[in-house]
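Read through the structure below, which is laid out as structure tokens, and then see the notes.
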Amino acid sequence: MSAALLTGTPLAGRVAVVSGASSGMGAFTAQRLAELGATVVALARRKERLDSLVKTIEAAGGTALALAVDVTDRDAVQTAADQVATRFGKADLVFNNAGVQLISGIEELKVDDWQRQIDLNITGLMNIIAAFLPHLTDSAAQGKPADLINTSSIAATRVLEKFSIYSGTKAYISHLTRLLRVELGPKMVRVATIEPGMVDTELPDHVTDPDASKLMADLIHDIDCLQSADIAETVAFMAAVPRHVNLTEITIMPTAQAI
């Protein structure tokens, strides 16, 4: 069954930036936002995948730009924001989605994996906010919709063995989003987080811990997991509702997932 619920072009005239757009939820969301009328800027490190995504969007009649950016590089992200402003005007929809999941027991002391998750899931997320927040506040001041949507996870609130560092980064994102609303809501910038359960993407492929790998493999095998298109439609709906409506925290679970 198709995940598509929205029709027409409710996002026409909007400029959407999607990080982590080279695969999975990011790629599907970029494509869906374009289908609904937005001009899309796709950010990620893997340029070949971004170029393929842009070709797909353009072949369907949409408008998109690929910018190969490592979101952990603050200067590179700022340069990308400047390029967006020059090419299309300021962004008014930011899907802050780049992230990595590396699971291990804390006593294994995989400090490089710890740091990689902190760098991408937290620092990368903050770099996107720093570069594009002026775009969002300016758009809101002009009376336009303005959306910052951060990707968290149910791991932000679940207590799962060996997920300590990943869960900690996602808990940061979820609570940061609540705090940002206090400052930005009165300025009419909508701030939201999505917390997905098990999504059938390449993210679990990064997991090398056998216990965590088995947990995810079993879920994918045993239940009807979420698909990237489900996340894309949810993000699109959050951005398409009237400007005075802010869907602040959405937990998206496969119906059959119990943990």
Side-chain angles (χ1 to χ4, degrees), residues 16-30 43-45 69-74 77 81 91 93-104 113-133 135-137 146-160 162-185 189-199 201-204 206-207 212 216 226 228 230-232 234-235 237-239 246-253 259:
V17 172
V18 178
S19 69
S22 60
S23 65
M25 299 188 304
F28 272 80
T29 300
L43 306 181
R45 291 178 301 170
V69 175
D70 181 347
V71 297
T72 67
D73 183 336
R74 184 189 304 170
V77 175
L93 200 176
V94 176
F95 182 38
N96 206 357
N97 174 68
V100 66
Q101 182 184 62
L102 304 171
I103 307 305
S104 63
D113 285 357
W114 299 357
Q115 193 62 53
R116 186 180 172 199
Q117 291 176 98
I118 292 167
D119 289 345
L120 185 53
N121 298 358
I122 294 179
T123 303
L125 177 122
M126 297 307 298
N127 287 342
I128 292 287
I129 292 172
F132 288 99
L133 183 56
H135 289 222
L136 296 174
T137 53
D147 289 283
L148 171 63
I149 302 174
N150 299 320
T151 298
S152 181
S153 166
I154 63 162
T157 56
R158 282 9 179 224
V159 179
L160 301 170
K162 299 185 178 183
F163 279 65
S164 302
I165 307 305
Y166 177 73
S167 292
T169 64
K170 292 302 183 177
Y172 174 92
I173 293 170
S174 291
H175 200 52
L176 173 74
T177 302
R178 299 180 191 110
L179 294 166
L180 291 182
R181 283 203 69 251
V182 175
E183 296 186 62
L184 299 176
V189 176
R190 300 188 293 201
V191 188
T193 185
I194 58 168
E195 298 179 343
M198 191 66 198
V199 185
T201 70
E202 70 175 30
L203 195 63
H206 302 153
V207 176
M216 295 179 183
L226 298 171
S228 294
D230 300 319
I231 307 302
T234 303
V235 172
F237 181 78
M238 295 165 77
N246 187 180
L247 300 173
T248 62
E249 297 182 50
I250 295 185
T251 300
I252 314 170
M253 294 285 288
I259 59 172

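Not measured: the values here are computed from a predicted model. Position 1 is the first residue of the sequence, and the numbers go up from there.
- The closest side-chain heavy-atom distance from Ser153 to Gln101 is not below 4.5 Å.
- Side-chain atoms of Gln117 and Asn121 form no donor-acceptor pair, as typed in the model, at a separation below 3.5 Å.
- Ile122 places a side-chain heavy atom less than 4.5 Å from the side chain of Thr169.
- Between Asn96 and the choices Ile149, Thr151, Ile129, Ile173, the side-chain contact (heavy atoms from CB on, under 4.5 Å) rule is met once, by Ile129.
- By the 4.5 Å heavy-atom criterion applied to side chains, Ile128 and Val94 are counted as neighbours.
- At least one side-chain heavy atom of Leu176 sits less than 4.5 Å from a side-chain heavy atom of Leu125.
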Report the C-alpha separation of Val191 and Thr177 in whole Å, then their side-chain angles, then the decisive distance to 0.1 Å, and conclude whether the side-chain contact (heavy atoms from CB on, under 4.5 Å) test is met.
CA-CA 6 Å; Val191 188; Thr177 302; 3.6 Å; yes
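- In this structure a side-chain-to-backbone donor-acceptor pair under 3.5 Å is missing from Thr123 to Thr72.
- For the atom pair Asp113 CG and Gln115 CD, the distance stands at 11.0 Å (nearest 0.5 Å).
- Shortest non-hydrogen contact noted between Ser22 and Ala27 is C-CB, 4.2 Å.
- With Thr157 contributing its side chain and Ile154 its backbone, the two residues share a donor-acceptor pair below 3.5 Å.
- Contact check on Arg190 versus Asp147 returns a salt bridge, with a Lys/Arg side-chain nitrogen under 4.0 Å from an Asp/Glu carboxylate oxygen.
- Looking only at side-chain heavy atoms (C-beta outward), Ile252 and Ile231 come within less than 4.5 Å of each other.
- In this structure, the side chain to side chain donor-acceptor pair (under 3.5 Å) partners of Glu195, at least two apart in sequence or on a different chain, are Ser174, Thr251.
- Inter-residue side-chain proximity for Tyr172 and Met126 is flagged as met; some heavy-atom pair is nearer than 4.5 Å.
- Minimum interatomic distance between Ser104 and Trp114 (heavy atoms only, all atoms of both residues): OG-NE1, 4.3 Å.
- The two residues Ala155 and Tyr166 have their closest heavy-atom pair at CB-CE2, 3.8 Å.
- The closest side-chain heavy-atom distance from Leu148 to Leu133 is not below 4.5 Å.
- In terms of modelled atom types and a separation under 3.5 Å, the side chain of Ser152 and the main chain of Lys170 share a donor-acceptor contact.
- Smallest separation of non-hydrogen atoms from Ser19 and Ala98: OG-N, 3.1 Å.
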Stepwise, does the side-chain contact (heavy atoms from CB on, under 4.5 Å) test hold for Leu43 with Val17?
CA-CA 7 Å; Leu43 306 181; Val17 172; 3.6 Å; yes
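- Residues Ile250 and Leu247 share a closest heavy-atom pair of CD1-CB, 4.1 Å.
- Residues Val199 and Ser228 approach most closely at CG1-N, 4.0 Å, considering heavy atoms.
- For the salt bridge (charged side-chain N to carboxylate O under 4.0 Å, His left out) test, no residue two or more places apart in sequence or in another chain qualifies with Arg158.
- Counting heavy atoms from C-beta on, the side chains of Met238 and Ile194 come closer than 4.5 Å.
- From Thr234, atom OG1 reaches atom CE of Met25 across 10.5 Å, with rounding to the nearest 0.5 Å.
- With rounding to the nearest 0.5 Å, the separation of CG in Asn127 from CG in Leu120 is 10.0 Å.
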